[in-house]
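Just so you know, these numbers come straight off a predicted model, no measurement behind them. Whatever order the structure lists ligands and atoms in, that order sets their numbers, starting from 1.
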Amino acid sequence: MDRFTVGEATIHRVEEMTAPMPLAMFGADLVAQNAGWLHPRWANADGTWDMVVQSWIVVVDGRVVVIDPCVGNGRSLPHFPLFDQLDTPFIERFGATGIRPEQVDFVFCTHLHSDHCGWNTTLRDGRFVPTFPNARYLLAQRELDRWNPDLPGYRHVPENAGIFAASVEPVIAAGLVDVVAENHRICPSLETQPAYGHTLGHSVVHLDSAGEQAWFTGDVFHHPIELIHPEIDAGTCDDFAQTLITRRRLIDRFVATGALVIPAHFVAPHVGHLREIEGRRVFQAYGQ
Ligand SMILES: [Zn+2]
């Protein structure tokens, strides 16, 4: 689904790429136990799952908000070959929504991994410059502290090396950044909320419009199996114990509110609802 509504909000999806990842990262036994509902949508016959890299554009309250602007072209990521030196038509696809980068009011990255902040900037004449020149880029204080190499809270991760310089420093230098605390209200219908663990300052974005709710969950969940088995540790988190607390809290809210779950990496239709049916949790893809 590339365009849908939640209350009075219109949400556009912009895809950058899809890549096969090993299902074994979630644990072979758990994958086997869940095979009945994983295939064919959430698992491929060859032992992979399709990881989609995508951004969300939310139009609500007269504002245009970009959430998680993917990897970007021309990034040097030798320790993460999947995202190294991409050359995709992401910006053309963005424009195909009918929204121009100049119209974006706010950009929010759930966290500062390479695939969630890349198109903050565009490589032009050998320099990374802001992609959204009229936007305020909202950066969570705690996530900034975790990734700024000049601050004491910095922790080095080889896979993400160079991302702060390419995708964050240029928007700071351009004066486009507002550093925000937890629970920052972007506009009346959208609020950032802390969801720590995957990274130390990871956030989610809550949408509440005309009686309908949704959560943009970033990388709290990479795949639906983590909604059913939040204890899965795929080894990609700064602090997995904290991730588990965050997942359980969000899962309870998804079930209680009937909110639409909008993760960063789920395959088509990309979004869905977590329901409790006869005492069991079930992730229902949108439209099912
Ligand atoms: Zn990600």
Side-chain angles (χ1 to χ4, degrees), residues 13-23 25-26 42 48-58 66-73 75-77 79-86 88 90 93-94 107-121 131 137-140 142-144 146-147 155 157-164 166-168 192-205 215-227 230 232-240 242-244 246-247 250 261-268 270-272 283:
R13 189 185 76 88
V14 184
E15 181 165 331
E16 185 172 61
M17 62 182 287
T18 298
M21 303 290 281
L23 280 164
M25 66 190 280
F26 304 122
W42 310 116
T48 65
W49 61 285
D50 290 325
M51 183 181 79
V52 179
V53 181
Q54 57 203 340
S55 293
W56 305 101
I57 308 172
V58 188
V66 171
I67 298 173
D68 281 351
C70 294
V71 178
N73 287 348
R75 317 287 144 147
S76 178
L77 285 159
H79 296 287
F80 205 148
L82 189 63
F83 297 152
D84 187 40
Q85 299 295 344
L86 292 189
T88 77
F90 176 89
R93 292 176 191 153
F94 189 104
V107 179
F108 186 72
C109 308
T110 58
H111 62 299
L112 297 178
H113 276 160
S114 60
D115 53 323
H116 296 260
C117 62
W119 283 106
N120 279 357
T121 61
T131 305
Y137 287 75
L138 310 176
L139 294 178
R142 194 175 158 113
E143 186 68 355
L144 202 53
R146 186 255 173 271
W147 289 111
R155 284 165 61 174
V157 177
E159 290 84 352
N160 214 48
I163 293 305
F164 195 82
S167 306
V168 181
T192 72
Q193 299 180 355
Y196 303 144
H198 179 63
T199 61
L200 296 179
H202 190 291
S203 301
V204 294
V205 182
W215 266 277
F216 297 87
T217 58
D219 279 0
V220 178
F221 308 94
H222 294 84
H223 184 282
I225 197 171
E226 293 172 338
L227 284 158
I232 290 173
D233 179 2
T236 62
C237 291
D238 278 348
D239 179 350
F240 183 74
Q242 187 60 51
T243 296
L244 187 56
T246 293
R247 282 181 178 169
L250 286 172
V261 182
I262 307 180
H265 294 304
F266 284 21
V267 75
H270 313 287
V271 301
F283 186 65

Handout entry: Angle, OD2 of Asp115 through the Zn ion (ligand 1) to OD2 of Asp219 - 10° precision
Key = 160°
Problem - Ring-ring centroid check Phe283 Phe221, cutoff 6.0 Å - result: no
Handout entry: Centroid-centroid under 6.0 Å between His265 and Trp49 rings
Key = no
Handout entry: Atom name of the N, O or S atom in His116 that lies nearest to the Zn ion (ligand 1)
Key = NE2
Practice task
Please determine if Asp84 and Arg75 form a salt bridge, counting it only when a charged side-chain N lies under 4.0 Å from a carboxylate O.
Solution key: no
Problem - Contact flag Asp68/the Zn ion (ligand 1), N/O/S atoms, threshold under 2.8 Å - result: no
Exercise for the section: Check whether any N, O or S atom of His265, backbone or side chain, sits closer than 2.8 Å to the Zn ion (ligand 1). Expected result: yes
Problem - Residue pair Asp219 / His116, side-chain donor-acceptor N/O under 3.5 Å - result: yes
